[in-house]
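Given the structure is predicted, the values throughout are model-derived calculations rather than measurements.
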Amino acid sequence: DYKVTGVQTCALPIYIVYTIPEQGHVKLVLTNLLGEDLRTLVDADQAAGSYTVRVDPVENALMEGIYLYKIKVDGVTTTFSKTNKMIFTK
């Protein structure tokens, strides 16, 4: 099964963890609330497995606020997409 979670702690950075059950092309994008792409975090073919992406708002020049991260996987036999909310605070 596909699984996507954001691990948010009081400390930065934030980690996005996802699992894909089959090989596929993964695109993970950070957007603002208007849906405008801010950063592409992953755009690659990946084997089945679990992955962790580190998101540091300082390195990505992001202000405090609410953002969305969208993942889309074009797998061998299935397609999956999901959008989750992420909050950056100091």
Side-chain angles (χ1 to χ4, degrees):
D1 290 340
Y2 290 96
K3 183 177 179 184
V4 182
T5 58
V7 179
Q8 189 160 350
T9 64
C10 294
L12 296 177
I14 296 168
Y15 295 91
I16 299 169
V17 180
Y18 61 93
T19 301
I20 57 174
E22 64 179 351
Q23 178 181 345
H25 187 85
V26 176
K27 188 162 188 179
L28 178 62
V29 179
L30 185 66
T31 73
N32 61 21
L33 289 177
L34 299 175
E36 299 168 331
D37 292 356
L38 301 175
R39 302 280 182 276
T40 298
L41 304 172
V42 176
D43 189 4
D45 291 329
Q46 295 183 326
S50 293
Y51 297 86
T52 301
V53 177
R54 180 179 179 270
V55 182
D56 188 326
V58 175
E59 290 176 3
N60 288 289
L62 300 172
M63 305 291 289
E64 280 189 42
I66 301 170
Y67 296 88
L68 303 174
Y69 58 94
K70 301 186 298 186
I71 187 168
K72 182 177 181 193
V73 183
D74 290 319
V76 175
T77 61
T78 61
T79 298
F80 170 81
S81 64
K82 185 170 184 175
T83 302
N84 284 344
K85 181 171 54 172
M86 176 185 299
I87 301 171
F88 291 144
T89 61
K90 290 184 181 178

Partner set under side-chain contact (heavy atoms from CB on, under 4.5 Å) for [X], not counting sequence neighbours:
X: E22; result: Y2, V76, T77, T78
X: D56; result: P13, R54, V58, E59
X: I66; result: L33, K85, I87

Problem - Pairs flagged by ring pair (Phe, Tyr, Trp, His ring centres under 6.0 Å) wherever residues 27-67 is involved - sequence neighbours left out - result: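 Only Y18-Y51, Y67-F88 qualify under ring pair (Phe, Tyr, Trp, His ring centres under 6.0 Å).
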Value rounded to 0.5 Å, distance of [atom1] in [X] from [atom2] in [Y]:
X: I16; Y: L30; atom1: CD1; atom2: CG; value: 7.0 Å
X: I71; Y: L28; atom1: CD1; atom2: CG; value: 5.0 Å
X: K27; Y: D74; atom1: NZ; atom2: CG; value: 10.5 Å

Practice task
Under the side chain to side chain donor-acceptor pair (under 3.5 Å) rule, collect the residues that match up with N32, sequence neighbours excluded.
Solution key: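 Partners of N32 under the side chain to side chain donor-acceptor pair (under 3.5 Å) test: E36.
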Problem - Set of side chain to side chain donor-acceptor pair (under 3.5 Å) partners for S50, sequence neighbours left out - result: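 For S50 the side chain to side chain donor-acceptor pair (under 3.5 Å) partners, ignoring immediate neighbours, are T19.
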Exercise for the section: Give a yes or no on this: more than 12 heavy atoms of other residues, nucleotides or ligands lie within 6.0 Å of atom CD of Q46. Expected result: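 More than 12 heavy atoms, drawn from other residues, nucleotides or ligands, come within 6.0 Å of this atom.
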Practice task
Determine, step by step, whether Y69 and V55 satisfy the side chain to side chain contact (heavy atoms under 4.5 Å, CB included) criterion, reporting the C-alpha distance in whole Å, the side-chain angles of both residues, the deciding distance to 0.1 Å, and the verdict.
Solution key: CA-CA 11 Å; Y69 58 94; V55 182; over 6 Å; no
Donor-acceptor contacts under 3.5 Å from residues 37-44 side chains, at least two apart:
{"residue": "R39", "atom": "NE", "partner": "N60", "partner atom": "O", "Å": "3.4"}
{"residue": "R39", "atom": "NH2", "partner": "N60", "partner atom": "O", "Å": "2.5"}
{"residue": "D43", "atom": "OD1", "partner": "H25", "partner atom": "NE2", "Å": "2.6"}

Practice task
State, with a plain yes or no, whether a side-chain heavy atom of K72 is found less than 4.5 Å away from one of V29.
Solution key: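 When only atoms from C-beta onward are counted, V29 and K72 do not touch, as no gap falls below 4.5 Å.
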